[in-house]
Every structure is written in C-alpha cells, then in structure tokens.
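As the structure lists them, so they are numbered: ligands from 1, and atoms in each ligand from 1. The structure displayed is predicted, hence computed values, not measured ones.
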Amino acid sequence: MLSDIEIAGAATLRPITEVATESLGIGAEHLVPYGHYKAKVGITYLNSLADRPLGRLILVTALSPTPPGEGKTTTSVGLTDALHGLGKRAIACLREPSMGPVFGLKGGAAGGGYSQVVPMTDINLHFTGDFAAIAAANNLLAALIDNHVHHGNELDIDVRSVTWKRVLDTNDRALREVVVGLGGPPNGFPRQDGFDIVVASELMAIFCLTESWADLKRRIGDIVIGYSRAGAPVTARDLGADGAMAVLLRDAIAPNLVQTLEGAPALVHGGPFANIAHGCSSVMATRAGLRLADYVVTEAGFGADLGAEKFIDIKCRMSGMRPDVAVVVATVRALKYHGGVALADLDREDLGAVEAGMDNLRRHLDNLRHLNGVPCVVAVNRFPTDTDLEVVRVVELAASYGVPAYQATHFTDGGIGAQDLAKGVLQALEEPARDEFSFTYPDELSLTEKVEAVATRVYGAGQVTWDGKARKRLARIERDGYGTLPVCVAKTQYSFSTDPGLLGAPTGHELRVREVRLSAGAGFVVVICGDMMTMPGLPTRPAATRIDLADDGTIIGLS
Ligand SMILES: Nc1ncnc2c1ncn2[C@@H]1O[C@H](COP(=O)(O)OP(=O)(O)O)[C@@H](O)[C@H]1O
Ligand SMILES: O=COP(=O)(O)O
Ligand SMILES: [Mg+2]
C-alpha cells in the first residue's frame with residue numbers, strides 16, 4: 001500500500017472555492033484563499049449565519065490508545081466521506097497537527113491511508129500560519145513581562161511568581177527550564193523561565209474556545225501571568241498587552257477550510273493536545289460547521305477519559321454545544337494491548353487478549369453513556385494485521401454490552417469502508433436519547449471536588465493526593481475567585497491512572513497532583529498529574545530523521 005504522503009500526493013483536489021460553494025453554499029467573496037486548496041472562512045460571514053438551525057454533532061473519541069494512536073482522525077475523515085456517500089451534508093471539524101509530533105514520535109495528524117484531509121503536507125507543516133500567530137502573541141506577552149520589570153516594574157511583579165512561559169512548536173526538552181535575562185543590565189533582570197510547546201499554551205486554549213474578536217481580547221486580557229509581591233494577580237491587561245495580542249490573532253481565529261481525499265469539506269482549526277491541554281478543535285469552527293452542514297464529525301484527542309471528558313466538561317460547558325452521539329474508536333491492537341499483549345506482539349491473533357482488553361473499552365462506554373448521557377456507537381477501525389475472528393469478536397462483545405459496533409475499513413477503502421458505520425450512526429441519531437446529557441461535575445463544586453469527581457467517576461481512582469506546592473497554588477486560585485472554573489486534567493493518555501503501564505480498567509488507584517496552573521483567560525484550571533510534560537522531548541529516532549526533500553521539491557517521509 002502506498003504511504004499516506006504518496007496517496008495524498010496522487011490525489012486530484014477540488015479548488016477550495018468549489019468545495020465552499022458547492023458543498024457548503026459559501027460564496028467565494030466570503031473566503032480568504034491561501035492558495036488553491038486552503039481558505040479561511042470570513043468571521044463576519046459566519047456571524048451572519050447565527051439564526052440558522054444547527055446540524056447534528058458527532059463526537060469521535062476512542063478507548064485508551066497505544067502509542068501510535070487508534071485512528072480517531074482517520075475515522076473522522078472516513079465517516080465524513082461515508083456520510084457524503086450516503087448523500088448527507090457532512091463536514092469534519094478537526095485539530096491542526098502540531099509539528100512537535102510531526103517531527104517527533106507520532107508523525108502527522110491529517111488522517112491516514114485513503115481517509116485523509118488534504119493538502120496533508122501543508123496541514124502538517126505551516127498550514128495557514130495560525131500556530132505561528134499564537135506563538136508570536138504568546139511570546140510578545142513574555143517579552144512585555146520582562147520589559148516591564150526591566151523598565152522599573154511599576155506593577156511590582158514578583159519575578160519568582162511569573163507562570164507565563166514562552167512557546168515553540170517543537171519538541172525540545174532542553175528548553176523546559178531556562179534562565180532569561182543573562183548578560184548584565186542591558187539585558188534585563190535574570191529570572192528562571194521555560195518553554196511549553198505551542199499546543200499546551202493557554203493562548204491555544206483561548207484560540208480554541210473564543211467566540212468572537214471581542215471575546216478573544218477579553219480572554220487574553222484576563223490571562224494571569226503571575227503575581228505582585230503583595231500577592232495580587234497580574235494580568236495581560238495590566239501590562240497593556242491584550243490589544244496587540246488580539247491583533248496578532250485577528251485573522252487566525254477564522255476557521256480554515258480544506259477537503260478530504262474524496263472532496264468532502266473539513267474545517268481544521270486549533271490544535272491543543274488532550275493529555276496536556278483540552279484536546280478539542282475550535283468552537284469557532286465547530287459552530288460554523290453546525291450552521292453550514294447537517295452533520296459535524298469532530299474529534300477529541302486521545303481516549304475518552306481525556307479528549308471526550310474535556311469536550312464535554314470544558315468545550316460544551318462553555319459553548320452550549322452538546323454531542324448527539326459519540327463514535328468510540330476501538331482497535332483490535334489496542335484491545336490486545338489492554339489485554340496484556342506487548343506492543344511487539346500485537347500483530348499475532350489472540351482472541352483471549354481481545355476479550356481481556358474489553359474492560360478498558362467498557363469503562364469508556366460506561367462513562368459516556370451513563371455518566372454523561374451520550375449515546376455511543378463503536379467503530380472497529382480495522383488494521384491490516386487484524387483477523388476476521390478478532391474483528392467479529394469485538395463487534396460481538398460490544399453488541400453484548402448493548403452498544404452497536406461496526407467494522408470500518410476506511411483506511412484502505414476510503415468512505416465506502418465506513419458506510420456501515422455511517423448508517424449505524426444515522427440510526428443512533430434517530431433513536432430517542434435514553435439518558436439526559438450531563439457534565440461530570442457541576443460548576444458549584446470546589447476545584448478539589450471537581451478533580452475528585454473526574455478522578456473517581458471517570459478514571460476509577462480511589463483517591464486524589466496533592467503535592468504541597470499544588471495544594472497551596474489551588475488555595476490561592478480559589479482565594480482569588482477562580483473556584484467556579486472547570487478543571488483540565490493533564491495525565492498520561494495510555495492509562496486511566498497516572499501510570500502509563502497500568503492498562504485495562506484499573507480501580508482504586510491514586511491520582512497524585514503535582515502542579516496546578518490557572519488559565520484564567522481560557523477559563524479553566526489545569527491540574528498536572530504524574531510525569532506529564534508541557535514541553536515534550538524527541539524520541540530516540542525522531543520522525544524528522546526520516547523526512548527529506550528531493551531535488552525536485554518533493555517531500556519524502558512525512559507521514
Ligand atoms: N485502519 C488503519 N490501518 C492502518 N493504519 C491506520 C489505521 N487507522 C489509522 N492508522 C494510522 O495510525 C496512526 C494514527 O491514526 P490517527 O487517525 O492519527 O489516530 P488518532 O487521531 O486516534 O491519534 C496514523 O499513522 C494513521 O495513518
Ligand atoms: O491530543 C491528541 O490527539 P490524537 O489522539 O488525535 O493524537
Ligand atoms: Mg487525531
């Protein structure tokens with residue numbers, strides 16, 4: 001089989017203006033083209049759609065993944081193409097890949113095989129410049145902080161309390177802890193600082209949660225960068241940074257329109273990871289999709305305990321959106337992994353391990369159906385190494401648990417391979433909801449109680465414990481009036497616990513909170529558990545070493 005980049009490179013794309021006008025009814029005058037195959041959809045135009053009825057919202061999530069991932073993005077694209085194949089007006093709403101993983105471990109994130117969004121090299125690299133704009137605005141604030149201190153520190157900022165990091169869209173562990181301002185008085189005051197990856201920054205979260213230019217500037221102004229020596233929060237607005245930062249993001253917050261290999265529309269906008277951030281594409285794009293199409297297929301990162309939980313408890317809570325159904329991607333390989341099979345042995349048929357791994361899938365299904373009241377459909381994303389017996393067994397086990405499951409072969413076959421899944425989703429959308437939609441916790445709980453709710457009800461943890469520094473930080477955040485905000489738990493994607501090796505569906509484990517960060521502008525509190533890094537490192541053999549440029553300009557090895 002051809003590689004992802006070979007498949008994408010061989011495709012004939014529709015002009016993006018044709019996708020916009022013929023599939024979405026958007027006039028060319030409302031687009032800002034970035035070449036022939038990418039365009040931003042004008043915000044003023046999108047605002048004019050405010051009275052349109054909303055389409056149905058299909059959330060794509062998954063069981064706890066293996067390191068390469070189980071195919072949520074791929075399935076989101078395949079399902080969108082399948083719905084189109086059934087004559088439905090569907091659109092995919094996806095996140096933009098970060099160049100961290102593109103050049104690191106996982107590679108690109110534009111789907112795979114014959115279910116990709118294109119132009120995949122653009123989408124995986126610089127795309128329309130949104131991440132560069134976010135980094136520029138983020139780092140402008142960092143520069144304004146140090147400049148304020150250098151020029152007299154009128155706000156009396158306690159430089160030891162500055163929590164605002166610089167960012168870069170690269171996995172670079174060497175930048176996690178740095179000292180800035182070295183070199184003597186002309187260079188300002190030395191202080192400890194550090195870099196996060198762009199997709200972990202609060203500004204990325206603001207970008208993904210904002211609803212308008214005014215909302216964007218308000219949220220930016222609310223960012224708390226640190227504290228004065230008297231202990232008062234210092235905001236970006238105090239530093240006069242909010243206007244310039246909003247200007248830098250003015251154009252970027254317009255959603256990006258591209259297409260699938262089969263010419264179906266896709267909005268790719270925003271890119272937070274779901275382990276260290278909230279893991280959902282932008283509200284702007286999703287709301288646009290709901291007004292432009294009858295079915296929106298949107299993905300939340302990693303397993304349902306991360307992306308789907310944050311989609312529900314952060315994105316839906318803030319935007320008022322509600323998922324009409326959840327497509328939970330399951331793979332034979334991930335089930336075997338949770339059934340105790342080593343990564344190196346996942347290609348060998350093992351029905352017993354498939355059955356043993358179902359505990360993990362069942363926990364995710366229970367959380368979505370019973371805790372949050374979201375109907376579920378299981379997509380068995382078939383890999384080449386899966387046997388018929390294994391795939392049939394997954395479908396049977398899901399069905400015996402009361403959840404319809406469908407084999408999907410969209411990776412090798414494109415949309416037609418997900419047609420049974422699409423029909424199953426359409427059927428699920430027609431059935432009356434059995435349970436009422438519910439958040440995992442109400443706003444009124446304290447931050448501690450919110451973390452405990454997620455830990456015990458979603459993760460199956462027995463208790464939450466707090467490092468002293470984390471507990472003190474939490475108390476200060478509540479004292480400063482941010483106690484009603486939702487929480488965003490940063491933890492490993494491989495396990496319901498903070499131990500990446502504790503697979504399956506563990507119960508009674510301890511969730512240890514190491515660090516707490518206030519994202520006042522985004523409107524949530526980040527709770528970092530276990531060994532999570534907001535600046536990942538590169539692996540032993542980075543994907544970057546397999547990427548090349550041929551003399552004729554052809555890009556090689558980008559996956
Ligand atoms: N059915 C499949 N067969 C083979 N490879 C697949 C299949 N589905 C996805 N992949 C590959 O697995 C990797 C992860 O897919 P992706 O859709 O990005 O998963 P996720 O969004 O869940 O992280 C990608 O390299 C993709 O090409
Ligand atoms: O944030 C993680 O997203 P994927 O699960 O799509 O890699
Ligand atoms: Mg994905």
Side-chain angles (χ1 to χ4, degrees), residues 1-8 59-80 92-98 100-102 104-117 120 123-124 197 199-200 204-205 208 260-261 266 268 270-281 297-311 327-334 346-347 364 379-386 390-391 407-414 417-418 421 488 490-494 532 534 536 543 546 557-559:
M1 184 168 167
L2 295 176
S3 70
D4 293 351
I5 193 167
E6 288 166 334
I7 293 169
L59 169 64
V60 179
T61 180
L63 77 176
S64 304
T66 62
E70 302 322 305
K72 294 184 301 299
T73 304
T74 305
T75 302
S76 300
V77 175
L79 176 57
T80 303
C93 286
L94 303 173
R95 285 165 299 155
E96 177 182 345
S98 160
V102 169
L105 176 70
K106 275 191 74 171
Y114 289 90
S115 291
Q116 297 184 60
V117 282
M120 72 89 88
I123 292 167
N124 277 312
I197 191 163
V199 293
M204 175 63 79
C208 287
T260 69
L261 282 170
V268 177
F273 290 158
N275 54 356
I276 55 180
H278 77 288
C280 300
S281 59
V297 182
T298 191
E299 172 202 9
F302 293 131
D305 57 326
L306 286 169
E309 186 272 316
K310 295 163 181 179
F311 180 88
V327 173
V328 184
V329 176
T331 61
V332 165
R333 71 178 188 184
L346 292 177
D347 292 352
H364 288 295
V380 185
N381 177 25
R382 183 161 188 164
F383 278 68
T385 50
D386 297 349
E390 289 173 323
V391 173
Q407 174 182 216
T409 59
H410 47 281
F411 179 84
T412 48
D413 304 327
L421 171 63
C488 177
K491 77 165 185 64
T492 179
Q493 62 269 27
Y494 302 121
M532 289 314 300
T534 47
R546 299 188 294 276
L558 191 64
S559 63

Report the nearest protein non-hydrogen atom to atom 22 (O) of ligand 1: residue, atom name, distance rounded to 0.1 Å. K72 NZ, 2.7 Å
Once rounded to the nearest 0.5 Å, what's the spacing between atom CG of L94 and atom OG of S76? 5.5 Å
Side chain of K72, backbone of V329: donor and acceptor closer than 3.5 Å? no
Identify, by atom number and element, the atoms of ligand 1 in contact range of R382, meaning under 4.0 Å from any of its heavy atoms. 1 (N), 2 (C), 3 (N)
Under a 3.5 Å cutoff, is there a donor and acceptor pairing between the side chains of T75 and H410? yes
Could you tell me whether P68 approaches ligand 1 through its side chain, its backbone, both or neither, with non-hydrogen atoms closer than 4.0 Å? backbone
Is H410 close enough to touch ligand 1? Criterion: a residue heavy atom under 4.0 Å from a ligand atom. no
Got a second to check how far F383's CZ is from E390's CD, nearest 0.5 Å? 12.5 Å
What's the shortest heavy-atom distance between G78 and A418, and which atoms? O-CB, 3.7 Å
Within the distance-only criterion (no hydrogens, no angle test), does the side chain of T298 pair as donor or acceptor with the backbone N or O of C93 below 3.5 angstrom? yes
Taking 4.0 Å as the limit for heavy-atom contacts, which would you say applies to P384 with ligand 1: side chain only, backbone only, both, or neither? side chain
For the residue pair A8 and L261, what are the closest heavy atoms and their distance? CA-CD2, 4.0 Å
Hey, are the side chains of Y494 and N275 touching, using non-hydrogen atoms and a 4.5 Å cut-off? no
Atom indices of ligand 2 within 4.0 angstrom of F273 heavy atoms, with elements: 1 (O)
Nitrogen or oxygen atoms of A274 and ligand 2 under 3.5 Å apart: yes
With distance as the sole test, does D305 use its side chain to make a donor-acceptor pair with the main-chain N or O of H364 at under 3.5 Å? no
Which residue supplies the protein heavy atom nearest to atom 8 (N) of ligand 1, what is that atom called, and how far is it? N381 ND2, 3.0 Å
Can you check whether N275 has an N/O within less than 3.5 Å of an N/O in ligand 2? no
Looking at side-chain heavy atoms only, is the closest gap between L306 and K491 below 4.5 Å? yes
If the cut-off is 4.0 Å to any non-hydrogen atom of G301, which atoms of ligand 2 fall inside it? 1 (O), 2 (C), 3 (O), 5 (O)
Report the part of Q493 in contact with ligand 2, treating N, CA, C, O as backbone and CB onward as side chain, heavy atoms under 4.0 Å; options are side chain, backbone, both, neither. neither
Quick check against the 3.5 Å criterion: does S3 have a side-chain atom that pairs as donor or acceptor with the backbone of E6? yes
Using a 3.5 Å cut-off on N or O atoms only, is P272 in polar contact with ligand 2? no
Which N, O or S atom name in E299 marks its closest approach to the Mg ion (ligand 3)? OE2
Note the single closest protein heavy atom to atom 6 (O) of ligand 2, along with its residue, its atom name and the distance in Å. E299 OE2, 2.6 Å
Got the closest protein heavy atom to atom 23 (O) of ligand 1, with its distance? K106 NZ, 2.6 Å
Name the closest protein heavy atom to atom 7 (O) of ligand 2, giving the residue it belongs to and the distance to 0.1 Å. K106 NZ, 2.5 Å
To the nearest 0.1 Å, how far is atom 11 (C) of ligand 1 from its closest protein heavy atom, and which atom is that? F411 CE1, 4.3 Å
So do C488 and K310 actually touch side chain to side chain, heavy atoms under 4.5 Å? yes
Tell me: protein heavy atom nearest atom 3 (O) of ligand 2, and distance? R95 NH2, 2.9 Å
Purely on distance, is any nitrogen or oxygen of E299 under 3.5 Å from one on ligand 1? yes
Nearest 0.5 angstrom please: Y114 OH to T409 OG1, how far? 13.0 Å
For atom 14 (C) of ligand 1, is there a protein heavy atom at a distance under 4.0 Å? yes
Quick one: does E70 get within less than 4.0 Å of ligand 2, heavy atoms only? no
dist M204:CE -> F273:CZ (nearest 0.5 Å) comes out at 9.0 Å
Would the distance check show the side chain of T260 and the main-chain N or O of V77 forming a donor-acceptor pair, the cut-off being under 3.5 Å? no
Check each atom of ligand 1 against the heavy atoms of G112 and keep those under 4.0 Å away; list them by number with element. 27 (O)
Nearest non-hydrogen protein atom, atom 26 (C) of ligand 1: T74 OG1, 4.0 Å
Backbone or side chain, does T73 get an N/O/S atom under 2.8 Å to the Mg ion (ligand 3)? yes
Heavy-atom donor-acceptor pair, Q407 side chain to V391 backbone, under 3.5 Å: no
How far is atom 25 (O) of ligand 1 from its nearest protein heavy atom, and which residue and atom is that? D4 OD2, 4.4 Å
Report yes or no: does Q116 have a heavy atom closer than 4.0 Å to ligand 1? no
To check your reading of the model: name the closest protein heavy atom to atom 19 (O) of ligand 1, its residue, and the distance in Å. G71 N, 3.0 Å
